[in-house]
Amino acid sequence: MKKIFVAILCLLGFTQCHNKLYSLNDLPNEYIQVGSYGGFVGTAKTYFFFPNGQRIVSSSILGSDTVESANDIPKASPKEFKNMLKGLSDMEFCDMDLNEIGNMTHFIRLKTKKEDKSVQWSDMNKAPEALVSFYRNTLKNLNTINTN
């Protein structure tokens with residue numbers, strides 16, 4: 001009887017050890033968005049990064065309320081998310097005051113329990129170097145994953 005009880009407890013314990021998977025309709029309290037919108041076609045491409053390592057890429061047409069596609073991309077480690085948070089903190093992202101819209105607009109958004117900060121810019125040559133570097137490195141790392 002004891003063995004059955006222990007087995008049931010272990011089974012119940014293991015069933016509770018799954019990571020929650022998020023969707024664009026069920027976002028966590030904390031996430032990072034990186035993307036761009038505009039251009040000739042008027043599309044938006046957004047990458048979502050979550051604390052559990054899950055990542056989603058979404059595409060949509062500007063002015064539309066619907067998302068054309070939203071797909072999971074290969075999961076990262078939760079440590080990568082923490083490194084992204086550290087990178088944003090190191091550049092004092094939450095203190096940046098940049099809201100520039102152009103033909104092609106790039107953006108980064110940090111959403112936490114305490115903060116909801118968005119920064120957007122159109123000219124990569126005029127934006128703060130640390131911001132552009134973070135943006136490019138984030139997308140470069142994703143593009144190498146998607147091509148494998």
Side-chain angles (χ1 to χ4, degrees), residues 9-148:
L9 280 177
C10 288
L11 184 63
L12 286 173
F14 286 128
T15 60
Q16 300 302 314
C17 291
H18 69 285
N19 276 339
K20 179 173 169 86
L21 293 179
Y22 299 105
S23 71
L24 297 184
N25 296 325
D26 180 28
L27 294 171
N29 292 334
E30 184 174 50
Y31 59 90
I32 298 170
Q33 280 179 267
V34 177
S36 61
Y37 61 89
F40 180 72
V41 182
T43 60
K45 190 165 194 172
T46 306
Y47 295 91
F48 292 82
F49 303 89
F50 304 121
N52 66 355
Q54 183 185 358
R55 303 182 292 188
I56 296 176
V57 60
S58 75
S59 299
S60 61
I61 302 289
L62 287 179
S64 172
D65 290 338
T66 59
V67 173
E68 280 188 9
S69 68
N71 301 307
D72 281 316
I73 54 179
K75 194 172 181 178
S77 70
K79 185 176 181 180
E80 278 191 49
F81 183 80
K82 288 180 182 178
N83 289 340
M84 290 177 77
L85 288 176
K86 184 177 179 342
L88 291 172
S89 175
D90 288 348
M91 76 170 86
E92 298 177 349
F93 178 78
C94 291
D95 295 331
M96 287 185 177
D97 189 22
L98 187 59
N99 187 21
E100 177 185 296
I101 299 173
N103 180 46
M104 191 67 183
T105 303
H106 312 280
F107 64 89
I108 297 174
R109 177 183 180 201
L110 172 62
K111 172 78 171 75
T112 66
K113 292 176 186 174
K114 298 178 183 177
E115 194 82 42
D116 190 354
K117 177 68 176 182
S118 293
V119 171
Q120 58 185 11
W121 69 98
S122 64
D123 189 344
M124 290 286 203
N125 295 321
K126 293 182 182 176
E129 187 177 331
L131 186 68
V132 172
S133 177
F134 179 89
Y135 178 88
R136 286 185 172 153
N137 286 335
T138 300
L139 295 185
K140 181 179 88 174
N141 291 339
L142 287 174
N143 289 335
T144 59
I145 290 169
N146 290 337
T147 58
N148 292 335

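Position 1 is the first residue of the sequence; numbering continues from there.
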Side chain to side chain contact (heavy atoms under 4.5 Å, CB included) between Q54 and F48, intermediate numbers included: CA-CA 8 Å; Q54 183 185 358; F48 292 82; over 6 Å; no

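For the residue pair L24 and S58, the shortest heavy atom distance occurs at CD1-CB, 3.7 Å. Between V132 and M124, the shortest heavy-atom contact is CG2-O, 3.5 Å. Between L21 and D26 the shortest heavy-atom distance is O-OD2, 4.4 Å. Nearest approach of G38 to M104, heavy atoms of both residues: C-SD, 3.7 Å. In plain terms, the two heavy atoms of G53 and K75 that are nearest each other are O-CG, 3.3 Å. In terms of heavy atoms, S118 sits closest to R109 at OG-CG, 3.3 Å.
Proximity of L110 to F93: side-chain heavy atoms (C-beta onward) are separated by under 4.5 Å at one or more points. Here the side chains of N52 and F81 are not in contact, with every heavy-atom distance at 4.5 Å or above. Side-chain contact between E30 and L85 is present, with heavy atoms from C-beta onward closer than 4.5 Å. M91 is not listed as a side-chain neighbour of P128, based on a closest heavy-atom distance of 4.5 Å or more. Annotation: side chain of T46 is in contact with side chain of F107 (closest heavy-atom distance under 4.5 Å).
Judged purely by atom type and a 3.5 angstrom limit, K126 has no side-chain atom pairing as donor or acceptor with the backbone of W121. Q120 places no side-chain N or O within donor-acceptor distance of the main-chain N or O of T105, the cut-off being under 3.5 Å. When atom types are taken as modelled, the side chain of R55 and the backbone of P74 share a donor-acceptor pair closer than 3.5 angstrom.
Distance check: I56 CD1 to S69 OG gives 11.0 Å after rounding to the nearest 0.5 Å. Note that CG of L27 and CD of Q33 are 7.5 Å apart. Values are rounded to the nearest 0.5 Å. Interatomic distance, CG of L131 versus CZ of R136, reported as 10.5 Å (0.5 Å rounding). Distance check: I108 CD1 to I32 CD1 gives 9.0 Å after rounding to the nearest 0.5 Å.
The aromatic rings of F50 and Y22 are tilted relative to each other, their planes meeting at an angle between 30° and 60°.
The side-chain hydrogen bond (donor to acceptor under 3.5 Å, both in side chains) check on N25 picks up nothing, with sequence neighbours excluded.
Atom CD of E129 is surrounded by 12 or fewer heavy atoms from other residues, nucleotides or ligands within 6.0 Å. Within a 6.0 Å sphere centred on NZ of K117, other residues, nucleotides and ligands contribute more than 12 heavy atoms. Under a cut-off of 6.0 angstrom, the local environment of NZ in K111 is crowded, with over 12 non-hydrogen atoms contributed by other residues, nucleotides or ligands.
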